[in-house]
Number of protein chains: 2
Amino acid sequence: MSDGSQTEDARARLTRLHDTLRSRICLLDYAPGSRLSEETLAAEFGTSRTPLRRALARLEDEGLIQTQHGVGTIVTDVDLAEMGRTYELRRELAGLAGRLSPVEVTPDIVAKAREFVACGRQLASRPDAREFARVNMDFFHFGASLTQNEALRETSERLYYRTARIWLKSISRLDLSDEVRIFLSELEQTAAAIEGHDLLAAALIRQAHISMCEARLTG
Amino acid sequence: MSDGSQTEDARARLTRLHDTLRSRICLLDYAPGSRLSEETLAAEFGTSRTPLRRALARLEDEGLIQTQHGVGTIVTDVDLAEMGRTYELRRELAGLAGRLSPVEVTPDIVAKAREFVACGRQLASRPDAREFARVNMDFFHFGASLTQNEALRETSERLYYRTARIWLKSISRLDLSDEVRIFLSELEQTAAAIEGHDLLAAALIRQAHISMCEARLTG
DNA sequence: CGCGGCCGTGTTGTGCACAACCGCCAACTC
DNA sequence: GAGTTGGCGGTTGTGCACAACACGGCCGCG
């Protein structure tokens, strides 16, 4: 992943910092409650505190971290109890994706859906929680790309990253291979719907799986 | 509004800056396309550029302004053509507010709803576009307070402020007194629904009015 | 007259030093 | 011994100076 572009735009740099940190938080590289040091992070990314703080500011606005003057920058904790309502909203938005300006299904999209199935099968043969979370994240982005509604995409993404950690945090209480199997099933169902050019069905499948996932996490 | 607290928290100061600037943008005090000067604004608010930039960063993430290195900070333009999809989403979210965790209707809420009707009547007797926009903004916040779903509130607010300017920008092509009359009607219908403790109805009314408003703006 | 390069001016981005602040611990007082 | 207070180390917030950059006007040249 050596960047080909020698000079990086300020905006691109910000995006990179933000996305990287967001990934780390949502993959639990930074555990909830742990403290981030602006200075350390700035040193790691080879910049000064100022641009890094711009990225942290965005993360704070997104609810992933919380800064306190004189104390530090703390990764927020999440649990289903307080995130239940957010989950509800995510579920509804997932359904909306099928009704609001769905894209036209191209062979490229169908191919990608099948790729995800293949990827899911591979995952099933060698379950790994972190890798699962990563694929799930990719699959979410794929799903978001199926609507042309920019606002819906942005909103869904915001809410997704806000709740993404709940699953990974609860995986020890669940059965990983069960989860992988269920996820694979979702991938297969989605691929079938997309092959039939039926994005409404794909959205409903996703909606159903969000609902069932919440139920499993609650129970 | 002289603040009793002598020392203002950093977070409170940020919120104040952000909310003030957001209001000005959405009330068209800062016209779309106009340029904001960090230095001038910092001087006005009696601070340095650094905290002000924090507020601008949030506004940029919300899509209300756009900064370009070496050029300036430009207030984004909005028109219905590109905001149509955002409007769609707002409409759907408004409906959701009635189904997802509505609050329990208290006498206080009923009183507030009636206050809005009174306020709307006063507005009808002396139409003023800017004052209308202001009341509309207050009414939006009132509507948002009727759901306990924090994520839904936050999302709706984000989208509201992103599209709020469209109406004010188009008012010259519309009939102001017509608009005021329609708004008053919405206020009355909403008050009636709330008096009946029927928040689902209130949400559907709002949904309908968003839809009709978009239609008027388009036509 | 047209045009291309250069520079001046104004803007945002960055780095750095310092201020403001919090939590902890030890010393002190009663 | 319990409570209090002062200081210390470490963190984020702020201010300022400078770098990077874009735009437009100006001058020289063809």
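Chain naming here is simple, since letters A, B, ... match the order of the sequence lines and numbering starts at 1 in each. Both backbone and side-chain heavy atoms feed into the values below; hydrogens, waters and symmetry mates do not.
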* Indicate whether the side chain of Thr47(B) and that of Arg13(B) have a donor and an acceptor atom separated by less than 3.5 Å. =>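 Note: Thr47(B) and Arg13(B) side chains miss the donor-acceptor criterion.
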
* **Between Thr86(B) and Arg162(B), a side-chain donor and acceptor under 3.5 Å** =>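 No.
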
Nearest whole Å is fine: how far is [N] [atom2] from [X] [atom1]?
X	N	atom1	atom2	answer
Arg53(B)	dT11(C)	CZ	P	14 Å
Leu56(B)	dT12(C)	CG	P	8 Å
Arg35(B)	dT11(C)	CZ	P	7 Å
Arg49(B)	dT11(C)	CZ	P	10 Å

* **Value rounded to 0.5 Å, distance of CD in Glu38(A) from CG in Leu52(A)** =>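 Taking CD in Glu38(A) and CG in Leu52(A), the distance rounds to 6.5 Å.
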
* Is the closest basic N to carboxylate O distance between Lys169(A) and Asp79(A) below 4.0 Å? ->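 Looking at Lys169(A) and Asp79(A), the cut-off is not met.
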
* Asked: Can a salt bridge be assigned to the pair Glu150(B) and Arg153(B) using a cut-off of 4.0 Å between side-chain N and carboxylate O?
  ->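 Salt bridge flag = yes for Arg153(B) with Glu150(B).
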
* Asked: What are the bounds, 5' to 3', of the part of DNA chain D that sits under 4.0 Å from heavy atoms of chain B?
  ->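 With heavy atoms of chain B under 4.0 Å away, the range is dG13(D) to dA22(D).
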
For a quick check of understanding: with a heavy-atom distance under 4.0 Å over all strands, which category does [X] fall into, base, sugar-phosphate or nothing?
X	result
Leu14(A)	nothing
Leu52(A)	nothing
Arg13(A)	sugar-phosphate

* Indicate yes or no: at least one non-hydrogen side-chain atom of Glu88(B) is less than 4.5 angstrom from one of Leu96(A). =>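 Not in contact.
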
Restricting both atoms to N or O, compile the protein contacts to nucleotides 22-24 of chain C shorter than 3.5 Å, with distance only.
none

* Closer to the 5' end of DNA chain D via nearest nucleotide, is it Thr73(A) or Thr50(A)? ->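 Going by which nucleotide is closer to the 5' end, it is Thr73(A).
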
Listed pairs under 3.5 Å, donor-acceptor, residues 54-65 of chain B side chains, sequence neighbours left out:
unit_1   : atom_1 : unit_2   : atom_2 : d
Arg54(B) : NH2    : Asp61(A) : OD1    : 3.4
Arg58(B) : NE     : Asp61(A) : OD1    : 3.1
Arg58(B) : NE     : Asp61(A) : OD2    : 3.4
Arg58(B) : NH2    : Asp61(A) : OD1    : 3.0
Glu60(B) : OE1    : Thr67(B) : OG1    : 3.2
Glu60(B) : OE2    : Arg11(A) : NH2    : 2.7
Glu60(B) : OE2    : Thr67(B) : N      : 3.4
Glu60(B) : OE2    : Thr67(B) : OG1    : 3.4
Asp61(B) : OD1    : Arg54(A) : NH2    : 3.4
Asp61(B) : OD1    : Arg58(A) : NE     : 3.1
Asp61(B) : OD1    : Arg58(A) : NH2    : 3.0
Asp61(B) : OD2    : Arg58(A) : NE     : 3.4
Glu62(B) : OE1    : His18(B) : NE2    : 2.9
Glu62(B) : OE2    : His18(B) : NE2    : 3.2

* Asked: What closest approach, in Å, do Met137(B) and Tyr160(B) show between heavy atoms, and which atom pair accounts for it?
  ->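 Minimum heavy-atom separation between Met137(B) and Tyr160(B): CA-OH, 3.2 Å.
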
* **Residue from Phe183(B), Phe132(B), Tyr87(B), Phe140(B) passing ring pair (Phe, Tyr, Trp, His ring centres under 6.0 Å) with Trp167(B)** =>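 Result for ring pair (Phe, Tyr, Trp, His ring centres under 6.0 Å) with Trp167(B): Phe132(B).
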
